[in-house]
Number of protein chains: 2
Amino acid sequence: MPKPTFFNLPEEKRKRILDVAMDEFATYPYSKASLSNIVARAGIAKGSMYQYFDDKKDLYTYILDLAAQEKMSYVKRELDQKTDFFTTFERLMAAGTRFNLEHPQLGQVVANALDVPGEGLLHELYSKGREMTIEFFEHMLKEGMEKGEIRGNIDPRLAATLMYSLVGQGLADYLLETLGVTMHEYLANPEISQKLTPERIEYVVTEVMKILRSGFEAQK
Amino acid sequence: MPKPTFFNLPEEKRKRILDVAMDEFATYPYSKASLSNIVARAGIAKGSMYQYFDDKKDLYTYILDLAAQEKMSYVKRELDQKTDFFTTFERLMAAGTRFNLEHPQLGQVVANALDVPGEGLLHELYSKGREMTIEFFEHMLKEGMEKGEIRGNIDPRLAATLMYSLVGQGLADYLLETLGVTMHEYLANPEISQKLTPERIEYVVTEVMKILRSGFEAQK
DNA sequence: TGGTCATATGACTTCATGGTCATATTATAT
DNA sequence: ATATAATATGACCATGAAGTCATATGACCA
């Protein structure tokens with residue numbers, strides 16, 4: 001957790017530090033991301049950083065937490081309207097993918113979380129997020145089963161894991177690939193994002209759902 | 001590429017170096033893996049390492065290449081018998097998962113390949129592998145479509161990408177999770193692998209196929 | 001035996017990192 | 001104006017990394 005001093009900082013400064021740090025952690029994996037680099041680019045002294053955060057890991061986990069929260073709140077908005085399983089999942093997938101493309105930095109920060117320092121306290125954080133998401137999907141599936149939308153003869157836990165691997169970075173990667181662009185190039189050239197219209201995202205998600213729907217759906 | 005000297009080395013020594021290096025690169029992400037550590041554990045001098053390899057990256061790419069080749073040849077064995085799309089894919093998935101669990105180090109080395117040094121030559125290597133695999137799946141799908149096994153109204157490229165995200169680490173992770181074990185713990189305690197019987201792997205793969213089959217299959 | 005070539009060595013250099021700390025600056029309150 | 005507390009600073013430190021190189025060792029052939 002940041003020290004109190006950090007929260008006393010003028011908004012502008014605080015934001016600048018977080019922005020620079022986020023950019024660094026999005027660009028490099030944890031062990032290669034450089035504090036010296038961050039403070040230089042943020043225009044503050046090395047020592048100041050240690051007035052705000054305990055250490056590198058403290059800064060990183062804070063950033064990671066912010067990123068996760070933002071994505072969560074973005075995606076959760078899709079859950080307002082109660083509809084059937086497939087529509088809900090389709091919306092979640094679309095929202096997740098949109099978010100990853102609109103905030104590529106945040107997505108990258110989360111993806112880079114896998115670079116654990118030795119054995120991982122950070123890995124734990126990442127697993128926690130994965131765990132929560134999978135559990136949520138599992139719940140969705142069970143509900144869908146009760147309602148008769150989902151066929152009853154599949155292992156919900158396993159199916160939830162499959163769903164998770166889809167909602168992650170996968171689809172975003174595919175979309176970028178259709179543009180012939182890597183994540184790094186995408187991060188460096190923000191204007192590319194204009195080529196990825198919501199319609200295009202929607203299309204891909206619908207295609208995926210076409211496949212999944214008949215896989216999950218209860219036999220009529 | 002290793003220097004000629006490396007290939008002149010006695011088999012035993014060469015193997016020892018590769019083993020230690022592989023273990024290091026499986027344990028730590030590229031930027032944290034330490035040459036000094038490797039040479040110490042392999043019982044050779046730092047300088048010797050530079051008689052064998054140009055630099056750290058040279059050693060790493062060589063290891064990565066070996067890992068990829070081994071996995072390839074392991075998985076490709078499943079392709080001997082010509083059968084239908086679903087059986088083939090099921091076998092591939094099972095083989096891939098089995099391999100990941102039998103050689104967790106190799107799998108980890110590949111997974112750690114994502115930790116690119118800055119912007120990535122290594123990433124390129126990783127993408128190449130991904131690309132090849134996806135193209136292979138795409139080919140499989142198209143063939144299945146022609147034979148009428150796969151319905152014709154899905155985007156083969158997209159479907160291939162989905163398949164890829166499944167064959168990767170995903171299933172292995174799921175299996176470990178059912179044992180309440182992380183990859184790191186699994187690497188540290190090889191005896192755990194005995195709990196993962198081929199039957200258990202087969203079961204999970206079959207479950208996944210149950211879902212996918214009706215998703216991909218041509219309407220009868 | 002002497003000479004030549006491949007291999008082995010580890011002290012050393014260079015460099016960047018995370019982290020510290022005594023000191024300087026600024027803001028606040030009296 | 002003065003005292004006190006909060007914040008800012010960057011030279012500095014310890015550490016460990018990748019990579020170098022002059023020298024030593026050993027193998028093989030004449």
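Just so it is clear: chains get the letters A, B, ... in the order the sequence lines come, proteins before strands, and each one is counted from 1.
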Trainee: Would you indicate what B:Thr5 reaches in the nucleic acid, counting non-hydrogen atoms under 4.0 angstrom: base, sugar-phosphate, or nothing?
Mentor: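 Contact class for B:Thr5: sugar-phosphate only.
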Trainee: Where each residue is assigned the nucleotide of DNA chain C containing its nearest heavy atom, which of A:Gln51 and A:Leu35 is assigned the position nearer the 5′ end?
Mentor: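 By nearest-heavy-atom nucleotide position, the 5'-most residue is A:Leu35.
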Trainee: Does C:dA6 have OP1 or OP2 under 4.0 Å away from a side-chain N or O of B:Asn8?
Mentor: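 For C:dA6, neither OP1 nor OP2 has a side-chain N or O of B:Asn8 closer than 4.0 Å.
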Trainee: Between A:Asn37 and A:Asp54, name the one whose nearest nucleotide on DNA chain C is closer to the 5' end.
Mentor: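 Its nearest nucleotide being more 5', the pick is A:Asn37.
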Trainee: Whole-Å distance between C:dA6 C1' and B:Phe7 CZ?
Mentor: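 Going from CZ in B:Phe7 over to C1' in C:dA6 covers 17 Å.
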Trainee: Whole angstrom is fine here: how far is it from OH in A:Tyr50 over to P in C:dT17?
Mentor: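 A:Tyr50 atom OH is separated from C:dT17 atom P by 11 Å.
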Trainee: For A:Lys3, answer base if it contacts any base atom (sugar-phosphate contacts may also be present), sugar-phosphate if it contacts only those atoms, and nothing otherwise; contact means non-hydrogen atoms under 4.0 Å.
Mentor: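 Contact class for A:Lys3: none.
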Trainee: Give a yes/no answer on whether the side chain of B:Ser34 brings an N or O atom under 4.0 Å of OP1 or OP2 in D:dG16.
Mentor: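 No, B:Ser34 has no side-chain N/O under 4.0 Å of OP1/OP2 on D:dG16.
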Trainee: Starting at atom OH of B:Tyr52, determine the distance to atom P of D:dG19, rounded to an integer number of angstrom.
Mentor: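 Roughly 17 Å, once rounded to whole Å.
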Trainee: Examine the base of D:dA18 for any acceptor or donor lying under 3.5 Å from a partner atom in the side chain of B:Lys46, and report the outcome as yes or no.
Mentor: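 By the distance-only test, yes, there is a pair.
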Trainee: Is it the case that the side chains of B:Thr178 and B:Arg200 hold a donor-acceptor pair, with the cut-off being a distance below 3.5 Å and no angle test?
Mentor: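 B:Thr178 and B:Arg200 do have a side-chain donor-acceptor pair below 3.5 Å.
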Trainee: With both distances under 3.5 angstrom, what nucleotide forms a Watson-Crick or G-U wobble pair with D:dA5?
Mentor: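 Checking every strand shown, D:dA5 finds its partner in C:dT26, with both distances under 3.5 Å.
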Trainee: Over 60° means perpendicular and under 30° means parallel, so classify the ring planes of A:Phe53 and A:Phe6, tilted if in between.
Mentor: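 A:Phe6 vs A:Phe53 ring planes: tilted.
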Trainee: What contact category does B:Phe53 fall into here, base, sugar-phosphate, or nothing, at under 4.0 angstrom with non-hydrogen atoms?
Mentor: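 Result for B:Phe53 = nothing.
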Trainee: Among B:Arg98, B:Gln69, B:His103, find the one that has a side-chain hydrogen bond (donor to acceptor under 3.5 Å, both in side chains) with B:Tyr74.
Mentor: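 The option that passes is B:Arg98.
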Trainee: Does the plane of the ring in B:Tyr30 sit parallel, tilted or perpendicular to the ring in B:Phe25? Use 30° and 60° as the thresholds.
Mentor: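 Aromatic pair B:Tyr30/B:Phe25 classed parallel.
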Trainee: Round to a whole Å and report the spacing from CD1 of B:Ile44 to P of C:dT7.
Mentor: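 Rounded to whole Å, this separation is 14 Å.
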Trainee: NA contact type, B:Ala33, heavy-atom cut-off 4.0 Å: base, sugar-phosphate, or nothing?
Mentor: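 Counting heavy atoms under 4.0 Å across all strands, the contact made by B:Ala33 is with sugar-phosphate only.
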Trainee: Please determine if a side-chain N or O atom of A:Ser48 lies less than 4.0 Å away from the OP1 or OP2 oxygen of D:dT9.
Mentor: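 For A:Ser48, the contact criterion (side-chain N or O under 4.0 Å from OP1 or OP2 of D:dT9) is met.
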Trainee: Are side-chain heavy atoms of A:Leu162 and B:Leu212 found at a separation under 4.5 Å?
Mentor: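 SC-SC contact between A:Leu162 and B:Leu212 ruled out.
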